[in-house]
Amino acid sequence: MNKSYPIMLQLNGRKVVVSGGGKVAERKVVSLLDTGAKVLVVSPEATEKLKQLALEGKIIWQQRSFSADDVSDAFLIFAATNDKEVNQMVRSAASDHQLVTIADDPEESDFHVPAHFKRGRLSITVSTGGASPILASQIREQMEQQFDETYEEYLEFLFKARQRILWEVQDPSLKRQLLTAIISPEFLKSKNREDDFQKLLDEYSL
Ligand SMILES: C[C@@]1(CC(=O)O)c2cc3[nH]c(cc4nc(cc5[nH]c(cc(n2)[C@H]1CCC(=O)O)[C@@](C)(CC(=O)O)[C@@H]5CCC(=O)O)C(CC(=O)O)=C4CCC(=O)O)c(CCC(=O)O)c3CC(=O)O
Ligand SMILES: NC(=O)C1=CN([C@@H]2O[C@H](COP(=O)(O)OP(=O)(O)OC[C@H]3O[C@@H](n4cnc5c(N)ncnc54)[C@H](O)[C@@H]3O)[C@@H](O)[C@H]2O)C=CC1
């Protein structure tokens with residue numbers, strides 16, 4: 001049974017330590033870039049991409065082997081070296097309250113990274129609980145087709161329209177009706193969402 005609990009973490013300003021600088025480390029680091037996390041990569045070698053990110057000041061790369069005190073004030077920790085013993089050393093260096101993921105040991109990890117993508121405020125994540133990362137990746141690709149770029153603007157519209165409904169409508173059932181109406185395919189496809197929304201509000205004299 002999969003007992004894991006899905007959450008969206010706010011990492012802004014938090015320290016995230018990645019041990020290892022290979023392709024797995026790179027994939028995890030790239031997906032951390034827009035979170036505002038302070039990413040420290042500790043690894044004797046790094047991919048070209050990681051080196052470039054370090055040069056641009058987007059991450060810090062310390063070119064050396066992992067040492068236990070690297071994780072002392074980290075919020076999230078990725079053990080992503082190709083050395084099982086080093087990865088276990090990272091696990092042992094962390095305290096119980098720190099969140100650790102070990103690239104080659106899902107059972108001993110506090111969290112897994114799901115396949116994911118964003119369309120503005122919409123975030124879609126897919127987890128197979130370690131059964132098949134490739135299936136997770138494939139489902140993510142299918143979802144990317146279904147929820148294409150148009151969703152970014154649509155979500156902004158929904159956000160603003162919802163705020164207005166919450167402010168202006170007192171009656172709970174009308175509120176629900178309007179909140180449901182704005183997610184209809186007509187609004188998704190409309191070229192004049194704001195006008196259509198205003199017309200809808202006018203119908204109810206709002
Ligand atoms: C448990 C988990 C822990 C974690 O890393 O968080 C984990 C573990 C392992 N992955 C392994 C292999 C591969 N992982 C990928 C790809 C991804 N792996 C990701 C997540 C996760 N991988 C977590 C579970 C997620 C879930 O199942 O829901 C994704 C979704 C997210 C990301 O990494 O950002 C990203 C796709 C991103 C995307 O496309 O969207 C590929 C495909 C490729 O590289 O193209 C392969 C090769 C094919 C294969 O082996 O299946 C191995 C064996 C290593 C070895 O052989 O030594 C282990 C260890 C083990 O299973 O023991
Ligand atoms: N969780 C996942 O998504 C996946 C996990 N894996 C597993 O992840 C691990 C890493 O895979 P890759 O990135 O492909 O390997 P890689 O060989 O490309 O990179 C390994 C990195 O670890 C670094 N390293 C080695 N010893 C170190 C030490 N003592 N301290 C700090 N860094 C050290 C190396 O310099 C190198 O940068 C493997 O154990 C593999 O089994 C592989 C594929 C996917």
Side-chain angles (χ1 to χ4, degrees), residues 1-9 11 14-55 58-94 98-119 122-149 151:
M1 193 177 65
N2 184 348
K3 286 191 174 177
S4 59
Y5 184 66
I7 56 171
M8 304 290 288
L9 280 180
L11 292 175
R14 302 277 197 172
K15 181 171 168 182
V16 177
V17 173
V18 180
S19 166
K23 45 186 187 332
V24 173
E26 177 184 309
R27 193 166 65 224
K28 310 295 184 194
V29 167
V30 167
S31 69
L32 285 163
L33 288 177
D34 293 333
T35 63
K38 292 185 277 182
V39 179
L40 169 65
V41 172
V42 180
S43 179
E45 313 255 355
T47 63
E48 286 309 312
K49 173 80 181 171
L50 287 172
K51 284 180 187 163
Q52 185 199 329
L53 291 171
L55 277 174
K58 293 184 176 149
I59 61 167
I60 292 172
W61 171 37
Q62 294 193 356
Q63 190 173 7
R64 55 174 175 77
S65 291
F66 174 79
S67 132
D69 32 305
D70 291 330
V71 298
S72 59
D73 49 355
F75 180 67
L76 274 192
I77 301 162
F78 292 80
T81 79
N82 52 359
D83 184 327
K84 243 188 183 332
E85 274 178 40
V86 176
N87 289 345
Q88 290 307 322
M89 204 176 113
V90 177
R91 165 87 271 178
S92 323
Q98 291 175 305
L99 297 177
V100 186
T101 192
I102 310 169
D104 56 4
D105 196 349
E107 300 297 317
E108 284 302 308
S109 297
D110 298 318
F111 66 96
H112 299 160
V113 180
H116 57 284
F117 69 97
K118 288 195 176 132
R119 298 290 186 222
L122 175 66
S123 182
I124 295 191
T125 60
V126 184
S127 168
T128 67
S132 172
I134 289 187
L135 177 64
S137 180
Q138 197 184 85
I139 296 174
R140 189 253 312 147
E141 279 167 19
Q142 290 165 1
M143 291 281 134
E144 275 180 332
Q145 311 268 318
Q146 185 178 344
F147 297 92
D148 61 17
E149 280 83 2
Y151 276 80

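Order of listing sets the numbers, starting from 1, for every ligand and every atom in it. This structure is a prediction, so every number in the text was calculated from the model and none was measured.
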Kindly state whether the ring of F111 and the ring of Y5 have centres lying under 6.0 angstrom apart.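 So the answer is no for these two rings.
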Contact between ligand 2 and [X] is defined here as a heavy atom of the residue under 4.0 Å from a ligand atom; is it met?
X: M89; answer: no
X: K28; answer: yes
X: P133; answer: no
X: A46; answer: no

Report the part of T47 (side chain from C-beta onward, or backbone N, CA, C, O) that has a heavy atom under 4.0 Å from ligand 2; answer both or neither where that applies. neither
Check R27 against ligand 2 and report side chain, backbone, both or neither, counting heavy atoms closer than 4.0 Å.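 For R27, the contact with ligand 2 is made by the side chain alone.
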Nearest-contact summary for [atom] - protein heavy atom, Å:
atom: atom 62 (O) of ligand 1; answer: P106 CD, 3.3 Å
atom: atom 44 (O) of ligand 1; answer: R27 NH1, 3.4 Å
atom: atom 30 (N) of ligand 2; answer: F66 N, 2.9 Å
atom: atom 17 (O) of ligand 2; answer: N82 ND2, 3.1 Å
atom: atom 34 (C) of ligand 2; answer: S43 OG, 3.7 Å
atom: atom 21 (C) of ligand 1; answer: V113 O, 3.9 Å
atom: atom 5 (C) of ligand 2; answer: A103 O, 3.4 Å
atom: atom 51 (O) of ligand 1; answer: P133 CD, 3.8 Å
atom: atom 29 (N) of ligand 2; answer: V86 CG2, 3.5 Å
atom: atom 52 (C) of ligand 1; answer: A103 O, 4.6 Å
atom: atom 16 (P) of ligand 2; answer: G22 CA, 4.0 Å
atom: atom 40 (C) of ligand 2; answer: D104 CB, 4.7 Å
atom: atom 42 (C) of ligand 1; answer: I134 CG1, 4.0 Å
atom: atom 43 (C) of ligand 2; answer: V24 CG2, 3.4 Å
atom: atom 5 (O) of ligand 1; answer: K28 NZ, 2.7 Å

Please confirm whether G21 comes within less than 3.5 Å of ligand 2 when only nitrogen or oxygen atoms on both sides are compared. yes
Indicate yes or no: does an N/O atom of A25 lie under 3.5 Å from an N/O atom of ligand 2? no
Should [X] be counted as touching ligand 1, given the test is an N or O pair under 3.5 Å?
X: T128; value: yes
X: H112; value: no
X: G130; value: yes
X: F111; value: no
X: D104; value: no
X: D105; value: no

Suppose I only count heavy atoms of [X] and a 4.0 Å limit; which atoms of ligand 1 are within that range?
X: S137; result: 38 (C), 39 (O)
X: S127; result: 28 (O)
X: A115; result: 30 (C), 40 (O)

Heavy-atom nearest neighbour of atom 40 (O) of ligand 1 within options E144, Q138, E141, R140: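 Comparing heavy atoms across E144, Q138, E141, R140, the nearest one to atom 40 (O) of ligand 1 lies in R140.
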Heavy atoms only: which of T81, D105, N87 lies closest to atom 26 (N) of ligand 2?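 The option holding the nearest heavy atom is T81.
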Is it possible for you to check whether R119 lies under 6.0 Å from the centre of the six-membered ring of F147, through NZ or CZ, and within 45° of that ring's axis? no
Rounded to the nearest 0.5 Å, what separation is found between the [atom1] atom of [X] and the [atom2] atom of [Y]?
X: S31; Y: R27; atom1: OG; atom2: CZ; answer: 9.0 Å
X: T125; Y: K118; atom1: OG1; atom2: NZ; answer: 10.0 Å
X: L50; Y: K58; atom1: CG; atom2: NZ; answer: 12.5 Å

Is there a side-chain contact between [X] and [Y], using heavy atoms and a 4.5 Å cut-off?
X: T35; Y: R14; value: no
X: L76; Y: L9; value: yes
X: F66; Y: V71; value: yes
X: H112; Y: S4; value: no

Quick one: does any side-chain atom of Q62 pair with a main-chain N or O of L40 as donor and acceptor, under 3.5 Å? no
Taking S43's backbone N and O only, do any of them form a donor-acceptor pair with W61's side chain (distance below 3.5 Å, no angle check)? yes
Could you tell me, atom by atom, which parts of ligand 2 come under 4.0 Å of a heavy atom of [X]?
X: A80; value: 10 (C)
X: K23; value: 13 (O), 14 (O), 18 (O)
X: S65; value: 29 (N), 30 (N)

Charged N-O contact under 4.0 Å between [X] and [Y]:
X: R91; Y: D110; answer: yes
X: E26; Y: K23; answer: no
X: R64; Y: D70; answer: yes

Can you tell me which residue among N87, N82, T81 is in a side-chain hydrogen bond (donor to acceptor under 3.5 Å, both in side chains) with D104? N87
Does the protein place any heavy atom closer than 4.0 Å to atom 20 (C) of ligand 2? yes
Sub-4.0 Å protein heavy atom next to atom 59 (C) of ligand 1: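 Yes, because at least one protein heavy atom sits under 4.0 Å from atom 59 (C) of ligand 1.
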